[in-house]
Amino acid sequence: MEFFKYVKQEIAVIKDRDPAIKSTMEVFLYPSFHAILKYRKAHKLYLKKHYYRARRISQKTARKTGIEIHPGAQIGEGLFIDHGHGVVIGETAIIGDNVTLYQGVTLGGTGKESGKRHPTVGNNVLIGAGAKVLGSFTIGDNCKIGAGSVVLENVPPNSTVVGVPGKIVIQNDVRVNDDLDQVHLPDPVQTEMDDLKSENARLRVRLDKLEKALESVTNP
């Protein structure tokens with residue numbers, strides 16, 4: 001019965017978040033469908049301290065799907081991993097409900113921590129392709145992490161992060177997860193460059209005025 005509940009839930013999740021799906025049966029072809037199903041089984045074994053059996057399932061699944069989920073991770077309902085190849089979810093990672101991960105995402109550690117080493121991801125979070133979230137910190141609810149970003153510190157709820165290292169563009173009280181566009185995000189580096197160009201232009205105008213004033217004084 002639990003299997004059929006999972007299938008029904010995954011069908012609804014994938015149809016809602018992937019415009020490429022055309023039929024219900026295609027759900028069974030998705031790597032994320034199998035990876036998450038196997039994770040659920042491995043996680044139960046892990047909680048019972050059957051560590052070898054749990055890891056054996058997760059490693060076999062990683063070889064088949066390209067998605068590596070440590071059985072010790074804690075994952076809520078409604079996780080969708082689009083395409084999935086190269087996705088890595090570490091042992092102490094915690095993922096809330098209705099989270100979307102794209103290919104190449106890493107929820108990893110920095111190699112320096114002990115105990116809780118991996119990130120905690122809130123509800124309704126979208127993490128774009130190739131993004132790396134490294135360390136024991138929290139990404140708040142309703143956040144969006146841009147493709148290719150590297151996140152190394154806490155992200156408050158209702159925020160967008162872009163860049164390397166990741167910089168926060170705060171969007172208070174806005175559910176960014178409703179928009180699955182992971183590419184057209186604000187570019188804080190470009191914004192700073194534009195500000196510098198504008199400031200430089202203003203300084204040149206002032207310098208020209210000062211030069212003309214100086215000429216009028218020296219050459220009356």
Side-chain angles (χ1 to χ4, degrees), residues 2-3 6-7 9-10 13-14 17-18 20 26-123 125-139 143-152 155 161 164 166 180 182:
E2 188 174 344
F3 173 76
Y6 169 76
V7 171
Q9 182 186 73
E10 283 301 295
V13 168
I14 293 174
R17 300 187 212 172
D18 188 359
E26 288 180 62
V27 168
F28 296 97
L29 303 177
Y30 276 68
S32 66
F33 175 87
H34 299 282
I36 298 170
L37 175 63
K38 293 295 185 180
Y39 155 77
R40 300 293 184 194
K41 293 180 178 180
H43 185 62
K44 288 182 179 180
L45 290 171
Y46 185 89
L47 293 177
K48 294 178 181 179
K49 301 187 185 301
H50 299 309
Y51 300 126
Y52 175 79
R53 292 172 61 192
R55 288 298 300 273
R56 187 169 181 267
I57 291 173
S58 69
Q59 292 304 306
K60 286 179 67 176
T61 304
R63 289 194 292 271
K64 289 182 178 180
T65 65
I67 299 170
E68 183 173 348
I69 306 175
H70 194 287
Q74 300 176 46
I75 299 176
E77 295 185 355
L79 173 64
F80 175 51
I81 303 174
D82 197 6
H83 296 291
H85 285 281
V87 167
V88 177
I89 300 174
E91 179 185 16
T92 61
I94 300 174
I95 300 176
D97 297 332
N98 303 316
V99 171
T100 301
L101 307 179
Y102 286 85
Q103 66 271 19
V105 166
T106 298
L107 302 182
T110 63
K112 298 178 180 180
E113 304 99 341
S114 59
K116 180 73 167 69
R117 308 182 304 281
H118 304 98
T120 296
V121 178
N123 302 321
V125 172
L126 181 146
I127 303 181
K132 311 302 177 187
V133 185
L134 307 175
S136 178
F137 54 84
T138 299
I139 295 178
C143 285
K144 177 186 284 188
I145 309 300
S149 299
V150 177
V151 185
L152 302 172
V155 179
V161 173
V164 181
L180 294 181
Q182 55 170 325

Side-chain heavy-atom pair Asp18, Tyr30 within 4.5 angstrom cut-off: yes

Interatomic spacing from CG in Leu101 to CG in Leu107 - rounded to 0.5 Å: 6.0 Å

Check: Thr61 main-chain N/O paired with Arg63 side-chain donor or acceptor under 3.5 Å: no

Arg56, CZ: over 12 other non-hydrogen atoms inside 6.0 angstrom: no

Closest approach of Leu134 to Phe137 (non-hydrogen atoms, all atoms of both residues): O-CE2, 3.0 Å

Donor-acceptor pair, side chain of Asn123 and main chain of Asp97, under 3.5 angstrom: yes

Any side-chain heavy-atom pair of Ile14 and Glu26 under 4.5 Å: no

Interatomic spacing from OG1 in Thr120 to CD1 in Ile95 - rounded to 0.5 Å: 9.5 Å

Nearest heavy atoms of Ala131 and Gly146, plus distance in Å: CB-O, 3.8 Å

Residue pair Gly84 / Ile81: nearest heavy atoms and the distance that separates them: CA-CG2, 3.6 Å

Distance in Å, Ile69 CD1 paired with Ile75 CD1, rounded so as to fall on 0.5 Å steps: 4.5 Å

Check: Ser149 side chain, Gly166 main-chain N or O, donor-acceptor pair, under 3.5 Å: no

Nearest non-hydrogen partners of Gly108 and Pro119, listed with the distance: O-CD, 3.4 Å

Shortest non-hydrogen contact between Gly78 and Arg17, atoms and distance: O-NH2, 2.7 Å

NE2 on His43 to CG on Leu47, rounded to 0.5 Å: 4.0 Å

Parallel, tilted or perpendicular: rings of His70 and Tyr46 (30°, 60°): perpendicular

Sub-4.5 Å side-chain heavy-atom contact between His83 and Pro31: no

Greater than 12 external heavy atoms within 6.0 Å of Lys41's NZ: no

Side-chain heavy atoms of Val7 within contact of Phe28, under 4.5 Å: yes

NZ-CG distance between Lys144 and Leu126, expressed to the nearest 0.5 angstrom: 6.0 Å

Verdict with reasoning, Arg40 to Ile36, per side chain to side chain contact (heavy atoms under 4.5 Å, CB included): CA-CA 6 Å; Arg40 300 293 184 194; Ile36 298 170; 3.9 Å; yes

Passing option when His118 is tested against Thr106, Thr110, Thr92 for side chain to side chain donor-acceptor pair (under 3.5 Å): Thr92

Thr65 (side chain) donor-acceptor with Ile67 (main chain) under 3.5 angstrom: yes

Between CD on residue Gln59 and NZ on residue Lys64, distance to nearest 0.5 Å: 13.0 Å

Heavy-atom donor-acceptor pair, Lys132 side chain to Gly104 backbone, under 3.5 Å: yes

